[in-house]
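Quick caveat, the model's predicted, so the values are computed rather than measured.
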Amino acid sequence: MLEKSVITRTIETARGVFAPGHLGELTQIVDFALVDAVLEETRALQRRVRLLPARVVVYFVLALALFEDCSYRAVWGKLTAGLVGLPLVSPHASSLSPARRRLGAEPLRVLFETLAGAVAARSAPGVWWCGMRTVAFDGTGLQLPDRAPVTGRFPKRSGAVREFGYPLMRLVTLVETGTRAIIAAAFGPESDGELPYAIRLLDRMEANMLVLADAGFDAIGFLRGIHATGAQFLVRSSATRRPLVQDRLPDGSYLTRLSAPYRTGHGYGLLTVRVIEAWITVKLADGTVRREQWRLITSLTDPALHPARRLVTLYHERWQAETCYASVKATLLDGASCAPDTPPTWTRRSGASSPSTRP
């Protein structure tokens, strides 16, 4: 006779109508005390305990993000699947939708900003370089449903004659490389570009960070903003920038000065940076070979401490931000568009939207 193994488990939940409010193992991170504190801080606690308390609705909204392809009732079923034997309510979608609107976006924004941040220890691979924590700025576009309340806030792209495509939302994040932990995020209309959203996130920078970013983030105002926080940067320069060589360095890189537009009482706002020029060769599967010159700008001006070759090798870590977006789009969203609420309930920072359009 074959030996048998018996696996038992214990599930701890809150009592009564609070029982569905959990995220399984993730509740260890987003625990009851934290959610209650956020609800109290944002004045979103219910005045009297209903069948759908505010804490339960918070966990329900978080679960919607994990199960993007499920309806309201299906997500509720996942929250209660392990609670067999408990006297639970079974709300209709027409009850869950108003509950989300009552909750609003503010508790989710504060919850995100409380939990978001760098997580890697000093020993974590792919995160630390020369004693600095490597992080990356990048942006992406997300398609939104083509509905009148949405297009009023998030316009479509337009040509000379007509609009086309879906309404687009611009999402910009600051990501820790190696772990792909999101440190901060901001979003809004796609037409505003990436840089204005990135500037909003500069207050989340720390002095021990080294920022990696693609072309488009090389504006001197943004680079000076990073420098003012005490952090360092390694940014790909746009093709239109033609820096003058001020001082040639032994490793082939050179120093130059970037100039901001003149401001009365402030002058031109010069910033000394180091420029590294490298030729990148890419060989495609069909044998095609592409070769192009990349120009990197960095605040790390000492070639002895930070050799050009090592910085060029480091720069590819910026792609951690790209793979983070791939996880959101391909895994969580499964290639579909976001399901938003009416735009007035959206917050413009931290990704804390409160959608309510699922059946």
Side-chain angles (χ1 to χ4, degrees), residues 105 109 112-113 116 135-146 149-160 162-175 177 182-205 209 211-229 231 233-243 258-261 263 269 271 273 294-299 315 318-326 328-329 333 337-338 340 343-344 346-353:
R109 182 188 67 81
F112 173 86
E113 292 187 344
V135 298
F137 271 109
D138 203 10
T140 190
L142 295 172
Q143 293 182 346
L144 304 177
D146 191 357
V150 177
T151 55
R153 168 77 182 280
F154 298 89
K156 303 177 182 180
R157 291 179 178 173
S158 58
R162 65 181 64 184
E163 295 180 326
F164 58 90
Y166 285 90
L168 293 175
M169 180 180 75
R170 175 79 65 186
L171 172 65
V172 174
T173 60
L174 176 63
V175 175
T177 64
I182 296 178
I183 298 171
F187 65 83
E190 187 262 353
S191 55
D192 289 349
E194 296 176 341
L195 202 55
Y197 298 115
I199 291 174
R200 296 181 193 175
L201 305 180
L202 287 177
D203 61 351
R204 299 300 302 272
M205 299 294 302
M209 290 181 173
V211 178
L212 311 177
D214 199 5
F217 291 92
D218 66 336
I220 183 172
F222 182 61
L223 298 181
R224 290 183 67 190
I226 295 175
H227 192 261
T229 68
F233 58 80
L234 177 63
V235 178
R236 182 183 174 191
S237 173
S238 59
T240 57
R241 188 184 294 279
R242 294 290 187 270
L258 305 181
S259 175
R263 292 175 57 196
L271 179 65
V273 298
W294 280 22
R295 186 178 291 117
L296 303 180
I297 298 176
T298 181
S299 56
Y315 181 74
R318 186 198 69 79
W319 281 92
Q320 296 283 342
E322 301 280 0
T323 56
C324 181
Y325 286 139
V328 172
K329 291 183 174 182
L333 295 179
S337 62
C338 294
W346 287 29
T347 178
R348 304 185 74 182
R349 178 168 175 172
S350 304
S353 62

### Check against side-chain contact (heavy atoms from CB on, under 4.5 Å), Val235 and Phe222
CA-CA 11 Å; Val235 178; Phe222 182 61; 5.9 Å; no
### Query
Taking all atoms of both residues into account, what is the closest heavy-atom pair of Leu202 and Gly225, and its distance?
CD1-CA, 3.8 Å
### Query
How many angstroms lie between atom NZ of Lys156 and atom OH of Tyr166, to the nearest 0.5 angstrom?
9.0 Å
### Message
In the structure I gave you, are the side-chain heavy atoms of Met209 and Ile226 within less than 4.5 Å of one another anywhere?
### Response
no
### Query
From Met169 CE over to Thr140 OG1, what is the distance, rounded to the nearest 0.5 angstrom?
9.0 Å
### Query
Is a salt bridge present between Asp214 and Arg318, judged by a nitrogen-to-oxygen distance below 4.0 Å?
yes
#### Entry: Residue pair Thr298, Leu296: steps toward the side-chain contact (heavy atoms from CB on, under 4.5 Å) verdict
CA-CA 7 Å; Thr298 181; Leu296 303 180; over 6 Å; no
### Task
Using modelled atom types only, decide if a donor and an acceptor are shared between the side chain of Arg204 and the backbone of Ile183 within a distance under 3.5 Å.
yes
### Task
Could you walk me through whether Met205 and His227 pass side-chain contact (heavy atoms from CB on, under 4.5 Å), step by step?
CA-CA 10 Å; Met205 299 294 302; His227 192 261; over 6 Å; no
### Qualifying residues under ring-ring contact (aromatic ring centres under 6.0 Å, His included), relative to Phe233, sequence neighbours excluded
none
### Task
Taking all heavy atoms of Ala185 and all of Thr173, pick out the closest pair and write down the distance.
CB-CG2, 3.8 Å
### Query
Taking it one step at a time, do Leu258 and Arg224 satisfy side-chain contact (heavy atoms from CB on, under 4.5 Å)?
CA-CA 10 Å; Leu258 305 181; Arg224 290 183 67 190; over 6 Å; no
#### Entry: From CG (Leu142) to CD (Glu190), nearest 0.5 Å
10.5 Å
### Task
Determine the minimum heavy-atom distance between Tyr315 and Arg236, stating which atoms define it.
OH-CB, 3.1 Å
### Task
For Pro167 and Pro145, work out which heavy atoms get closest and say how close.
CG-O, 3.6 Å
### Task
Can you see which heavy atom on Ile182 is nearest to which on Ala116, and at what distance?
O-CB, 3.4 Å
### Over 12 foreign heavy atoms within 6.0 Å of CH2, Trp294
yes
### Message
Please find the pair of heavy atoms, one from Ile297 and one from Ser237, that lie closest to each other, and give the distance.
### Response
CD1-CB, 3.6 Å
### Query
Do the side chains of Phe217 and Leu195 get nearer than 4.5 Å, heavy atoms only?
yes
### Task
Report the distance from atom CG of Asp192 to atom OH of Tyr197, rounding to the nearest 0.5 Å.
3.5 Å
